[in-house]
Amino acid sequence: MYVLVINCGSSSIKADLLDPATGARKGSVRAERVGTDGAFLRVDDGEPEALGHADHTAALRAFLPRLAARVPTIDAVGHRVVHGGERFTRPTRIDAEVEDAIDKLSTLAPLHNPPNLQGIRAARALLPDVPHVAVFDTAFHSTLPRRAQAYALPHALVAEYGIRRYGFHGTSHGWVAQRAADWLGEDVRDLRLITCHLGNGCSVAAVEYGRSVETSMGMTPVEGLVMGTRAGDVDAGVLIDLMRRAHLDADGLDHVLNRESGLKGLSGVGNDLRDIEARAADGDDRCRQALNVFCHRVRKYIGAYAAVMGGVDAVVFTGGIGQHSAHVRHRVAQRLEFLGAHLDEDRNRDAQVDRANPVYAVSPPHARTAVLVVATDEEHAIAKATADLCLERDLVAGADLTIPVAISARHIHLTQEAVETLFGPGHRLTPLKALSQPGQFACEETLTVVGPKRSLERVRVLGPTRPACQVEVSRTDEYHLGIDAPVRDSGDVANTPGVTLVGPQGALTLQEGIICARRHIHMTPADAARFGVKNRDVVEVAIDSAGRDLVFGDVLVRVKDSYALEMHIDTDEANAAEIEPGHQGVLEGTGKVARLQHRRTHFDPH
Ligand code: AMP
């Protein structure tokens, strides 16, 4: 399979033809000054070839046949689209309606979406018979929690103008996070990573267990780090002051913040870090200051994101600066020892990465927090996402399979030690009835769960005993108890709130262990093969219920030989979908079925 990846700017086109499985390039074209009389292109870094006056369509028409001649077929086209807004949270097959939607999002990205769309229209006209897929820069950050999306502005304004944080460079952050996890020999869903994309545009992301939970760019790509020509964070009051005293209007501010600031504004010698480093070494004060401000800002974000995630397993540097500037990495990493991150200076100087060897550790072996240089490859990421979507559609279209739904009421798992504290020395749990998952049973025993505000009585204990205590409640239960418990996978109770349990023979205060269980599907490996999913994939599931059909996102797939196929939702979720259990047990089959609707894959290297 071969995928053509197109990245259209207002006056440029980058086109790469590659094999999505390996990333190998079959050809690359760069067209510049598109839309002017002086348009030209280069094929594979060759000599410039003049095109005369050429718009996006004419430029594409000029080089497409030459690229197409290099492979048996172009099977799909992947388009980089900067802004996907609220709607596009995953790669999307393009049709006329999707084109319109991308067009409407131009208000959020006026510099980027219109040329992206021009490229899409031109390419679809020239290659009408192959699938075209839009891959969005914002999509990887669609998992930002609401608290990370919000600006503290008046609600009415926010609602009217759709003001929120989106984040960008998502394709790169997702890609390098996966490469880092591969290199560390870990599942990305077990890692907390801070990825620093430092190029002409710069952003940092906190990637917690495979999902972006914070990123430094906001509603537009101006927020956050110091960039080539963009300012990054500025006190909003400064802008008001500039409007009043320097008489800058919206266009004037746009120009200053996007084109005259950042490394260019600070250094006075332009936006190329190589020039700035050279002059700083010669003693140029403004260039030294530019480097200091740039690196200080990156370090500040790394510290903040470690706090956001409660720790960090690896810090990743990528982008033209992140991959090439040992000096910047050295400065940024200073004083990060408290996170367990420090540099081996020899390795930092020697770091070399490319597509064939994309990861190089610049931290010493066995460092608590790895510091990695990772080569980003957005074209390969887009090609792979495009290919995955085409294959996934085939898979899901053929999967007319259903999943039984069960409602999991609030319940408690205990250690044997806790059982004895609460029910008396030597006490053993008494099975009441078997649950659908083999070996699991509801017990005769119940406990009172005491929260800061109120209590819940007769909460059922489940057996057998476990290595750690865990209390699973619904959001409504949390409000009732007065506890803010996180949504977690069962068994993942680190850093969760505690709660007090009261039994007939004693009370026990847990320091941690109360969670709102993440909705999930249990299945066997054979089920997973039928659905085309793997353990820990996150999927969407549609539930038909009389008049209140609902699609649940963020559903975790759990695969084990000993599981039985069943989706578990809590009582709040069941109420929302109007699914009624026979009666309120601990885990009640409902007779309803769910359908796997989309398969949401993380960036997968294979
Ligand atoms: P990108 O947008 O990822 O292509 O990155 C472009 C930035 O990387 C520019 O600011 C370059 O100055 C910077 N860059 C590229 N190569 C080097 C290098 N060898 N040393 C320092 N900076 C570099």
Side-chain angles (χ1 to χ4, degrees), residues 5 7-16 25 28 30 32 42 45 80 82 111-112 137 168-177 179 195-205 215-217 221-222 224-232 258-282 284 286-295 297-298 316-333 343 345 347-355 358-360 362 372-382:
V5 174
N7 179 0
C8 266
S10 54
S11 64
S12 68
I13 303 175
K14 294 182 191 169
D16 293 274
R25 268 40 175 198
S28 296
R30 301 287 176 265
E32 307 275 348
R42 284 175 207 272
D45 296 325
R80 179 184 186 199
V82 166
L111 298 179
H112 296 105
D137 253 29
F168 300 87
H169 289 148
T171 307
S172 177
H173 286 293
W175 184 261
V176 298
R179 298 281 85 63
T195 51
C196 309
H197 179 106
L198 311 178
N200 238 328
C202 301
S203 64
V204 193
T215 190
S216 56
M217 284 177 167
V222 185
L225 299 180
V226 175
M227 309 179 214
T229 60
R230 278 175 249 159
N258 279 302
R259 308 220 178 266
E260 299 297 332
S261 299
L263 289 173
K264 182 181 177 191
L266 283 164
S267 71
V269 302
N271 62 344
D272 195 314
L273 191 85
R274 285 165 287 202
D275 299 337
I276 296 169
E277 284 186 342
R279 291 195 188 219
D282 290 341
D284 183 306
R286 280 183 63 185
C287 288
R288 285 185 171 180
Q289 170 71 348
L291 276 171
N292 284 340
V293 177
F294 182 92
C295 296
R297 186 83 55 89
V298 180
V316 174
F317 287 95
T318 191
I321 295 173
Q323 288 169 220
H324 295 117
S325 177
H327 184 89
V328 165
R329 292 193 300 263
H330 166 80
R331 281 175 174 258
V332 169
L343 293 191
E345 290 301 343
R347 294 191 64 79
N348 186 39
R349 264 192 305 277
D350 293 345
Q352 282 279 354
V353 288
D354 54 32
R355 282 189 214 123
V359 184
Y360 191 98
V362 292
L372 305 176
V373 180
V374 180
T376 193
D377 189 348
E378 287 166 284
E379 296 81 29
H380 188 184
I382 292 171

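Ligands are counted one by one from 1 in listed order, and the atoms in each one are counted from 1 as well. Everything numeric here is computed off the predicted structure, so don't read it as measured data.
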Trainee: Below a 4.0 angstrom heavy-atom separation, can you tell me which part of Asn271, side chain or backbone, both or neither, approaches ligand 1?
Mentor: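 Asn271 to ligand 1: backbone contact only, side chain stays beyond 4.0 Å.
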Trainee: Taking Arg25 first and then Glu379, would you say they form a salt bridge - that is, a charged N and a carboxylate O separated by under 4.0 Å?
Mentor: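 Between Glu379 and Arg25 there is a salt bridge, with a charged N closer than 4.0 Å to a carboxylate O.
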Trainee: Quick test of your reading of the model: are Arg30 and Asp16 salt-bridged, counting only N-O distances below 4.0 Å?
Mentor: yes
Trainee: Any nitrogen or oxygen of Ser325, main chain or side chain, under 3.5 Å from a nitrogen or oxygen of ligand 1?
Mentor: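 There is no such contact.
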Trainee: Going by distance only, is there an N or O of Gly201 that falls short of 3.5 Å from an N or O of ligand 1?
Mentor: no
Trainee: Indicate yes or no: does an N/O atom of Gly199 lie under 3.5 Å from an N/O atom of ligand 1?
Mentor: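 No, since none of the N or O atoms of Gly199 sits under 3.5 Å from an N or O of ligand 1.
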Trainee: Ignoring hydrogens, what is the shortest heavy-atom contact between Thr318 and Val374? Give both atom names and the distance.
Mentor: OG1-O, 2.7 Å
Trainee: Return a yes/no value: protein heavy atom under 4.0 Å from atom 20 (N) of ligand 1?
Mentor: yes
Trainee: Are Ser203 and His173 close enough that a side-chain donor and a side-chain acceptor fall under 3.5 Å?
Mentor: yes
Trainee: Is the backbone of Val269 close enough, under 3.5 Å, to the side chain of Arg279 for a donor and an acceptor to pair up by distance?
Mentor: no
Trainee: For the 3.5 Å polar cut-off, considering only N or O atoms, please tell me whether Asn200 and ligand 1 meet it.
Mentor: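 For ligand 1, there is an N or O atom that lies under 3.5 Å from one belonging to Asn200.
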Trainee: Closest non-hydrogen protein atom to atom 18 (C) of ligand 1, residue and atom name please, with distance?
Mentor: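 The closest one turns out to be His324 CB, 3.3 Å.
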Trainee: Return yes when atom CZ of Arg297 has more than 12 non-hydrogen atoms of other residues, nucleotides or ligands closer than 6.0 Å, and no otherwise.
Mentor: yes
